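Each remark here refers to the structure printed beneath this line.
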Amino acid sequence: MKKKTVYPFMAIEGQEEMKLALILNIINPSLSGVLIRGEKGTAKSTAVRALARILPEIEKVKDCPFQHDPKGKHEVCTECVRTECRNRVLGIDDNQGPEIVMEGIRVIELPVGATEDRVVGTMDMEQALKKGEKQVEPGILASAHRGILYVDEVNLLDDHVVDVLLDSAAMGVNTIEREGISFSHPARFTLVGTMNPEEGELRPQLLDRFGLCVNVLGISDPHARVAIMERRTHFDEDPEGFASLWEEESRQLVEQIKQAKKLYPKVTCQKNRLYEIASYCLDVGVDGHRGDIIILKTAKTLAAYEGRTEVESKDIEKAATLALPHRVRRQPLQDIVTDVSMMRNQNKAAS
Amino acid sequence: MTLYNTIYPFAAIVGQEQLKLALILNAVNPAIGGVLIRGEKGTAKSTTVRALASLLPMIKVNKGCAWSCNPEDPDSLCDDCGKLSEGREKSEHGIIKEGAIGATCIERRTRVVTLPLNATEDRVAGGIDFSLAVKSGARALQPGLLARAHRGILYVDEVNLLDDHIVDIILDASAFRENRIEREGISFSHGSDFILVGTMNPEEGELRPQLLDRFGLCVEVTSEKDLERRILLMQRKEDHDADPQGFFKQYQADNDLLSHRIKRAGDLLKEVGFSDSLRSFVATLCAENNVAGHRADLVIEQAAKALAAYHGKTEAGMDEVTQVAGFALVHRKREAAPPPPPEPPHDHEEKPEENQKQDKKEEQEQPPPEPHENAGPEDEQKPGQNENSMEEETEEQESSGEAPESEPESQGENQEQDRKNVLEKIFEVGETFKVKKFTSPKDRIMRRGSGKRSRSRTAAKQGRYVRSSIPRGSHDIAFDATLRAAAPFQIQRKNGSDLAVILKEHDIREKIREKRIGNFLLFLVDASASMGARGRMAASKGAVMSLLLDAYQKRDKVAMVTFRKEEAFVNLPPTSSVELAGKLLEEMPVGGKTPLSSGLVKGFELLRNHLIREPEARPIAIIITDGRGNVSLKSDAPGNAALGNGGIKKQRPFKEALSLAEKMAFEDRIQFVVVDSESRGAVSFGLAAKLAVNLNAEYLKIEDLKVNQLVDIAKGVLP
């Protein structure tokens with residue numbers, strides 16, 4: 001099947017914060033996702049869909065329904081339906097080891113109307129009827145392991161689906177205890193959600209699962225708006241031609257991401273910078289400790305993205321504006337803060 | 001479990017001493033009966049519980065026994081182990097293969113069994129083993145989570161989100177320490193004595209009181225405020241992420257030490273004494289805190305013993321009791337008596353003496369006492385402060401002489417005109433509180449939607465699959481249940497087919513799904529000048545805000561209509577953004593006359609439109625007014641036709657409202673609630689009450705909305 005050409009990521013005009021947040025998440029998946037809040041028509045979904053093209057490749061066991069890393073043994077395999085790769089991974093057949101493929105990180109879309117059994121996985125009907133055996137049919141969470149789980153209009157997601165998302169997003173393990181099946185498999189994914197706040201807010205617990213949060217606004221500069229219109233019409237008329245125009249820039253970005261990924265483990269953060277982070281969180285008033293941890297990770301990723309091995313003050317400043325908006329403690333009906341640094345200054349002035 | 005090989009070591013958790021202590025006590029003495037961990041997100045709640053698994057003591061079990069029987073207690077053995085001890089080798093049950101059970105005892109670590117939110121009933125309680133039944137035709141039981149958790153820990157993350165229905169099963173099992181299965185042709189019971197550990201974030205809603213009481217202890221966790229410790233925490237987390245295995249090794253020694261200490265304490269526990277004088281002290285302590293039932297007394301004793309054993313003592317003393325009492329009381333404590341209505345709740349002053357005896361540190365970390373019934377954090381919003389602002393409002397009103405006349409219908413037209421501009425003002429939101437529960441009656445109508453207020457069966461193949469039944473025509477086949485129903489007959493049915501399972505029509509089972517649907521709440525707010533007097537508006541806004549907060553937790557849809565001056569406005573069309581409603585409410589101006597009738601009409605129109613789109617909806621209309629309507633409908637008002645009111649002559653405003661109300665009451669899908677904002681004690685007209693009678697509505701004063709004031713009026717009034 002020929003893939004439909006998607007709008008190139010690099011061709012998105014403006015929305016720098018959103019693009020940055022997405023790129024940071026690709027470099028460091030442990031940032032655990034980004035929530036994109038904004039009005040309609042601000043390229044939210046376009047940006048996420050365009051991601052697919054700039055994602056790096058990872059090693060995978062071929063055809064594995066659980067997206068396994070070929071290194072290491074997997075408990076899950078003992079109960080997996082696919083006997084072929086199972087025997088190889090577990091070394092039952094011979095010592096060949098599993099077949100390895102390089103595959104781009106996947107973007108799995110979770111439709112708003114998804115049912116719970118499709119999300120977590122359920123009993124495989126075919127196996128049951130043909131062989132009388134209980135087997136797991138992996139759900140969306142299994143396909144999203146090591147990839148990106150994308151939920152459009154995440155605030156409209158059914159409550160019970162949110163509950164199961166919370167469950168597995170917290171620990172990176174999806175536990176199935178339903179319909180006669182008892183099974184666990186790893187499900188570590190980057191959760192990317194878009195929402196329009198006019199349709200209602202997210203539940204606090206789910207909100208906290210998103211590492212970063214960006215607010216996108218329509219662009220008010222007339223030149224930029226014209227540029228957007230021009231590019232869009234060009235793309236609509238000739239998608240492939242348009243995409244090829246941006247090929248070079250996309251390639252550069254992919255390269256930059258690759259370098260940053262390599263550099264990330266070497267990035268260090270000095271103790272006085274840690275003080276900065278902690279006091280930032282205390283000043284603004286954040287629930288829990290996830291804020292601190294995410295700021296540190298984001299700052300390190302930012303440094304790696306810019307090719308440095310030392311976290312600087314500006315990284316922390318930037319990281320805070322991405323990691324804190326949705327974590328600032330607020331009254332139940334208050335709006336989400338959009339400008340964290342402003343809030344910090346206010347709080348400081350007040351005290 | 002290797003799945004969790006990246007687990008964070010218990011000994012490396014920074015701070016959260018209370019939480020760690022409560023968990024350790026439970027590990028030492030399972031009789032305590034579990035911990036509920038309440039706290040904001042990102043405070044290592046789940047991490048700590050999962051880390052506990054590696055510290056738990058070893059227990060003895062018979063090899064191969066699926067029910068984790070205790071070999072040293074012959075009375076409690078399951079059939080298989082029982083027969084084993086009688087010298088018979090073979091199990092008739094077919095669960096345990098012949099010879100798999102040796103007379104051998106093995107030791108294994110106490111399990112932590114996770115109950116995920118997506119669990120279905122058959123997996124929690126246990127159901128027929130499908131593959132075994134197909135192959136051998138035997139009806140054997142596949143042990144459920146309750147069996148796995150026997151003599152171990154049953155852990156529920158986000159326990160407040162667990163389905164009511166699963167909660168029932170857990171309550172049942174934990175009450176009898178036994179799980180009885182009567183389903184799918186199986187009748188069986190097995191021991192199910194587990195420690196229940198749950199975590200929850202109170203922002204997402206509260207627990208059912210019955211379940212709350214099952215947790216022996218309750219700990220509130222908050223984030224670390226100390227800079228140094230926050231940094232330590234970040235560093236450790238980074239180290240852990242960089243090299244989980246290496247990190248674990250680093251703390252292995254500490255972990256082992258802790259594990260050893262727990263084991264020793266467990267052994268010592270039997271010898272720990274508890275004096276009678278201490279018992280009576282515990283009893284008084286519980287009585288003073290108005291604790292319901294006797295579980296608190298028992299839990300305190302067990303926990304104090306565990307703590308003594310943990311410290312290597314053989315006698316529990318005052319110190320131990322005071323240290324653990326807070327854990328056992330915090331979620332069971334009740335307010336002494338409902339405070340007299342006009343005063344703000346004084347949670348804060350009412351600290352029983354005994355509590356102050358506790359060491360200071362604990363005092364700080366304990367949250368203020370909470371009302372027993374599902375109280376959330378929002379009812380602690382500085383009532384004092386709000387009271388002040390209300391008083392100021394009142395004074396201002398009175399001194400400037402702007403209080404409206406007490407005769408609502410005699411206000412002169414021109415006088416009104418003059419005041420209109422002067423009087424328009426925005427009042428602050430008054431005191432908010434926890435509101436009592438409004439739900440619409442549960443029925444058998446299938447609905448779509450999502451939310452948390454009322455439970456409903458759903459037909460749309462969505463919602464949580466909770467159990468199965470014989471077909472009722474939903475065509476939502478419960479495949480697993482169908483297979484289980486068919487399984488035992490496969491041996492007879494099989495004749496040459498290459499399918500392993502042959503289904504007959506009578507095997508078909510359907511899914512019953514359940515979800516809570518949010519209601520649609522319409523707020524009909526009187527914003528006329530008369531409401532501005534004596535802080536009434538502040539109080540009313542407070543009441544509406546409280547209802548909104550409640551709506552937010554239950555994920556209702558809300559809409560708001562206000563009426564003032566000449567007519568009514570739809571301020572907020574139906575939306576699930578309660579935030580928006582809150583903001584509008586804050587900014588709502590007050591002033592002008594009271595067009596009660598047009599308010600009613602506007603509200604009714606909105607509801608009717610909503611009902612056309614969703615005929616199965618059961619909206620609740622909440623009317624906040626003092627009932628002093630003084631503007632009639634305009635004869636050409638568009639809503640008139642809706643109520644067949646076109647031909648009616650102009651009536652006196654209030655009479656007109658009453659007759660409208662009578663007509664509106666015919667729509668029995670809408671439930672009306674009238675909240676009277678007329679302050680108590682002032683000259684009362686009871687107009688709102690009359691309106692309520694005609695609307696066939698529940699009539700409440702603002703004070704009545706508070707949850708602790710009256711025992712659930714809803715039960716009496718709502719069917």
Side-chain angles (χ1 to χ4, degrees), chain A residues 30 73 75 113 115-117 120 123 125 128-134 158-160 163-164 166-167 170-171 173 175-182 184-186 197-201 203-205 208 265 271 274-275 277-279 281-282 286-293 296-297 332-335, chain B residues 2-4 40-43 46 114-120 122-123 127 130-131 134-135 142 145 157-158 161 201 203-204 223-225 227 230-231 233-235 237-238 241-242 378 450-452 461-465 479-480 483-484 490 499-501 515 548-549 552 555 576-579 582:
Chain A
S30 67
K73 291 202 170 174
E75 211 181 340
T115 55
E116 205 184 355
D117 52 346
V120 294
M123 187 196 262
M125 287 201 205
L129 277 180
K130 280 190 180 152
K131 298 188 186 148
E133 279 168 9
K134 281 176 300 191
D158 252 346
D159 255 1
H160 57 277
D163 293 348
V164 300
L166 284 182
D167 236 13
M171 282 297 145
V173 176
T175 311
I176 310 170
E177 292 290 352
R178 49 187 290 122
E179 298 170 38
I181 297 279
S182 171
S184 299
H185 67 80
E198 285 166 34
E199 311 239 12
E201 278 299 340
R203 291 163 47 182
Q205 198 72 11
D208 195 51
K271 183 117 189 209
L274 293 179
Y275 273 104
I277 296 174
S279 54
C281 287
L282 286 172
V286 180
D287 276 343
H289 293 275
R290 213 171 261 130
D292 304 41
I293 292 164
L296 176 57
K297 282 182 193 294
L333 297 182
Q334 252 175 7
D335 258 345
Chain B
T2 51
L3 258 185
Y4 295 108
E40 52 194 47
K41 50 222 170 226
T43 40
S46 311
T114 310
L115 173 64
L117 292 176
N118 65 48
T120 52
D122 63 284
R123 278 303 306 140
F130 160 67
S131 2
V134 169
K135 281 172 189 149
Q142 182 189 13
L145 291 175
D157 206 2
E158 316 283 349
L161 305 180
N201 178 353
E203 283 176 281
E204 297 261 322
S223 47
E224 206 56 64
K225 293 284 176 289
L227 214 55
R230 277 187 100 107
I231 288 163
L233 193 143
M234 271 190 274
Q235 281 170 328
K237 175 75 185 150
E238 275 302 290
D241 279 359
E378 50 294 304
S450 96
K452 286 191 81 177
K461 296 202 182 181
Q462 41 170 272
R464 200 169 275 158
Y465 164 36
F479 188 68
D480 57 315
L483 284 179
R484 286 198 297 270
Q490 293 311 313
L499 286 180
V501 180
K515 70 195 287 185
L548 280 175
L549 288 172
Y552 171 77
R555 298 192 246 309
S576 15
S577 173
V578 179
E579 286 83 357

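As the structure is a prediction and not an experimental result, all values here were calculated from the model. To find a chain, count down the sequence lines: A is the first, B the second, and so on, and within it residues start at 1.
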So CD of B/E224 and SG of A/C281: to nearest 0.5 Å the spacing works out to 13.5 Å
Measuring from atom CG of A/D292 to atom CD of B/Q235, what distance do you get when rounded to the nearest 0.5 angstrom? 12.0 Å
Proximal component of B/E238, with respect to chain A [non-hydrogen, under 4.5 Å]: side chain
Which atom pair, heavy atoms only, marks the closest approach of A/H289 to B/R230? CE1-CG, 3.9 Å
What part of A/L274 gets closer than 4.5 Å to chain B, counting heavy atoms only: side chain, backbone, both or neither? both
Output for pair (A/S279 OG, B/I231 CD1), nearest 0.5 Å, gives 7.5 Å
Show the numbers, then the answer: is there a side chain to side chain contact (heavy atoms under 4.5 Å, CB included) between B/L115 and A/E177? CA-CA 8 Å; B/L115 173 64; A/E177 292 290 352; 5.7 Å; no
Under a 4.5 Å cutoff for heavy-atom pairs, which residue among B/T43, B/D157, B/L145 has the most contacts with chain A? B/L145
